[in-house]
Number of protein chains: 2
Amino acid sequence: MGAVKTKRMPRAVREQQMLDAAVRIFGQRGYMAASMDEIAELAGVSKPLVYLYLNSKEDLFTACIRREAKALVEAVRAGVRPDLPSDRQLWEGLGAFFAHTARNPDAWAVLHLQARTHGEPFAAEVAAMREEIVAFVTQLILTGAREAHHDPDLPEREVAGLAEALVGAAESLAAWANATPGITARQAAATMMNFAWAGLGDLIAGQPWAPPEEEQTGAQAG
Amino acid sequence: MGAVKTKRMPRAVREQQMLDAAVRIFGQRGYMAASMDEIAELAGVSKPLVYLYLNSKEDLFTACIRREAKALVEAVRAGVRPDLPSDRQLWEGLGAFFAHTARNPDAWAVLHLQARTHGEPFAAEVAAMREEIVAFVTQLILTGAREAHHDPDLPEREVAGLAEALVGAAESLAAWANATPGITARQAAATMMNFAWAGLGDLIAGQPWAPPEEEQTGAQAG
């Protein structure tokens with residue numbers, strides 16, 4: 001693939017390479033300190049080509065945010081089997097979320113830190129992704145409440161608040177997990193599941209949420 | 001000191017007035033759009049006096065963050081009576097947190113949004129406050145676990161993660177509550193307590209955390 005240098009490679013492929021490099025540099029250096037020179041060099045292209053394809057540092061950053069937001073939402077959705085009970089769905093969704101953010105720490109730094117710390121247009125991009133995830137979690141809680149056949153006393157407003165709380169907790173925990181050596185994605189997902197499903201009351205009483213047995217033997221990886 | 005037209009008011013008092021005005025303008029307009037002219041006008045002083053006292057827009061913003069971070073931490077600490085059981089302490093702490101953020105929406109916008117969206121030095125100020133709150137919550141969970149006399153299987157790492165999750169959830173919920181008409185501070189605190197203490201599992205099964213009875217009759221206010 002990486003042939004002659006820049007020739008013969010479809011534009012779409014080359015653009016992805018530029019975005020790969022940009023996510024890495026933005027995530028590690030921060031938006032302000034990131035240089036277009038360094039991004040072009042890491043992508044193995046000339047700086048004018050980056051500008052030709054992606055127009056400006058702002059547009060390049062926006063393209064990174066959009067791509068990574070889409071990838072994160074897709075990873076979470078793909079991780080969830082909608083035929084399972086809602087606690088299993090939440091467990092799988094959290095597992096997929098923490099696995100994705102652990103595998104793509106630069107992308108997560110771009111979404112969680114950089115995109116929110118450099119002004120409105122970027123923050124709005126992330127807000128759109130966040131709303132999608134909040135809507136997903138809201139549905140999950142509503143479905144779970146319906147499953148419980150309990151005519152559960154959970155007004156829609158309350159559910160909206162719970163979904164906001166859950167997403168905020170997961171974001172905070174992902175940032176902590178990525179910054180704390182030795183915390184695996186699975187541990188972070190388990191902590192989050194304990195917190196969100198069992199609650200501190202049960203946890204403190206020694207009654208954590210238990211992951212399904214089939215999985216306990218199987219996937220130990222982080 | 002503050003010669004000419006601004007005589008006779010101690011510098012400390014006048015500085016607080018400037019900070020009051022600055023928090024309002026920064027919180028409502030955003031850091032970038034906020035103008036020093038508008039801040040001076042709202043404070044009822046001349047712009048040169050603002051610069052004389054607080055040096056620059058950056059320094060003024062930093063002073064706002066420090067003052068509001070300190071006020072928030074103090075409000076939470078003051079709301080908690082350390083002799084109560086840990087679920088009551090958490091309830092009171094959350095009540096104090098949401099009451100403070102609801103009463104001071106501009107200050108909360110400065111801390112939660114503005115300070116984190118305009119670069120490192122400001123973000124570091126907020127990170128310090130956040131660490132203090134996380135440490136406070138960590139202690140609360142540890143104490144609760146000890147109270148339960150259960151030799152609870154909650155390693156320190158897990159507790160650190162739980163505290164991060166709880167703080168992230170509360171931050172997210174406070175932003176949502178302030179942006180959602182008709183959500184009172186008490187409702188937000190109850191949602192958060194349900195989420196964090198009872199957990200979604202119990203909630204969905206129709207078993208929310210119940211606030212202590214004495215309070216249900218008393219404080220209904222938001």
Side-chain angles (χ1 to χ4, degrees), chain A residues 30-32 86-87 90 113 116-120 122-123 130 134 141 144-148 150-154 157-158 160-177 180 182-183 187-188 190-192 194-206 208-209, chain B residues 30-32 86-87 90 113 116-120 122-123 130 134 141 144-148 150-154 157-158 160-177 180 182-183 187-188 190-192 194-206 208-209:
Chain A
Y31 175 66
M32 298 304 245
S86 52
D87 65 328
L90 184 58
L113 289 179
R116 311 212 281 195
T117 50
H118 296 96
E120 254 320 301
F122 308 131
R130 200 176 189 277
V134 168
I141 298 175
R146 245 178 267 122
E147 272 166 14
H150 227 282
D151 185 24
D153 189 21
L154 277 181
R157 276 253 158 132
E158 174 90 359
L162 291 169
E164 287 284 340
L166 192 149
V167 170
E171 288 170 338
S172 174
L173 203 57
W176 175 80
T180 307
I183 301 287
Q187 283 165 349
T191 295
M192 187 61 215
N194 272 334
F195 180 62
W197 199 267
L200 291 176
D202 283 355
L203 278 185
I204 281 174
W209 180 84
Chain B
Y31 175 66
M32 299 302 247
S86 50
D87 65 329
L90 184 56
L113 289 179
R116 311 212 283 193
T117 51
H118 296 98
E120 254 319 301
F122 307 132
R130 202 178 188 275
V134 168
I141 298 174
R146 245 179 269 122
E147 272 166 14
H150 228 282
D151 187 23
D153 189 20
L154 277 181
R157 275 252 158 133
E158 174 89 358
L162 292 169
E164 288 283 341
L166 192 148
V167 170
E171 288 169 339
S172 175
L173 203 58
W176 174 80
T180 307
I183 301 286
Q187 283 164 349
T191 295
M192 186 61 215
N194 273 333
F195 181 63
W197 198 268
L200 291 177
D202 282 355
L203 279 185
I204 281 175
W209 180 84

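Every chain is numbered from 1 and lettered A, B, ... according to where its sequence line falls, protein lines coming before strand lines.
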Original post:
Relative to chain A, which segment of B:Ala198 carries a heavy atom at a distance below 4.5 Å: side chain, backbone, both, or neither?
Top reply: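 Answer is backbone: N, CA, C or O of B:Ala198 sit under 4.5 Å from chain A.
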Subject >> Segment of B:Ala163 engaging chain A (4.5 angstrom heavy-atom cut-off) >> reply: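 No part of it gets close to chain A.
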**OP:** Give the member of A:Ala170, A:Ala160, A:Gly161, A:Gly30 that has the highest number of heavy-atom pairs under 4.5 Å with chain B.
**Re:**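 Heavy-atom pair counts peak at A:Gly161.
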**OP:** Heavy-atom pairs under 4.5 Å with chain B are the metric here; pick the option from A:Ala190, A:Gly168, A:Ala177 that has the most.
**Re:**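 The residue among A:Ala190, A:Gly168, A:Ala177 with the greatest pair count is A:Gly168.
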Pick one of side chain, backbone, both or neither for [X], based on which atoms fall under 4.5 Å of a heavy atom in chain B.
| X | value |
| --- | --- |
| A:Trp176 | side chain |
| A:Leu90 | side chain |
| A:Ala174 | neither |

Original post:
What closest approach, in Å, do A:Ser172 and B:Ala165 show between heavy atoms, and which atom pair accounts for it?
Top reply: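 In this case the closest contact between A:Ser172 and B:Ala165 is OG-N, 4.4 Å.
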**OP:** Of all the heavy-atom pairs spanning B:Phe195 and A:Leu166, show the shortest one and how long it is.
**Re:**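 Here B:Phe195 and A:Leu166 meet closest at CZ-CA, 3.5 Å.
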**OP:** With sequence neighbours excluded, give me every salt bridge (Lys or Arg N to Asp or Glu O under 4.0 Å) pair touching residues 163-175 of chain B.
**Re:**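 Sorted result for residues 163-175 of chain B: B:Arg130-B:Glu164, B:Arg130-B:Glu171.
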**OP:** Could you grab the distance from atom CG of A:Leu200 to atom CD1 of B:Ile141, nearest 0.5 Å is fine?
**Re:**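 The distance works out to 5.0 Å.
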Original post:
Can you name the side-chain hydrogen bond (donor to acceptor under 3.5 Å, both in side chains) partners of B:Asp202, sequence neighbours left out?
Top reply: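 Partners of B:Asp202 by the side-chain hydrogen bond (donor to acceptor under 3.5 Å, both in side chains) criterion come out as none, since no residue qualifies.
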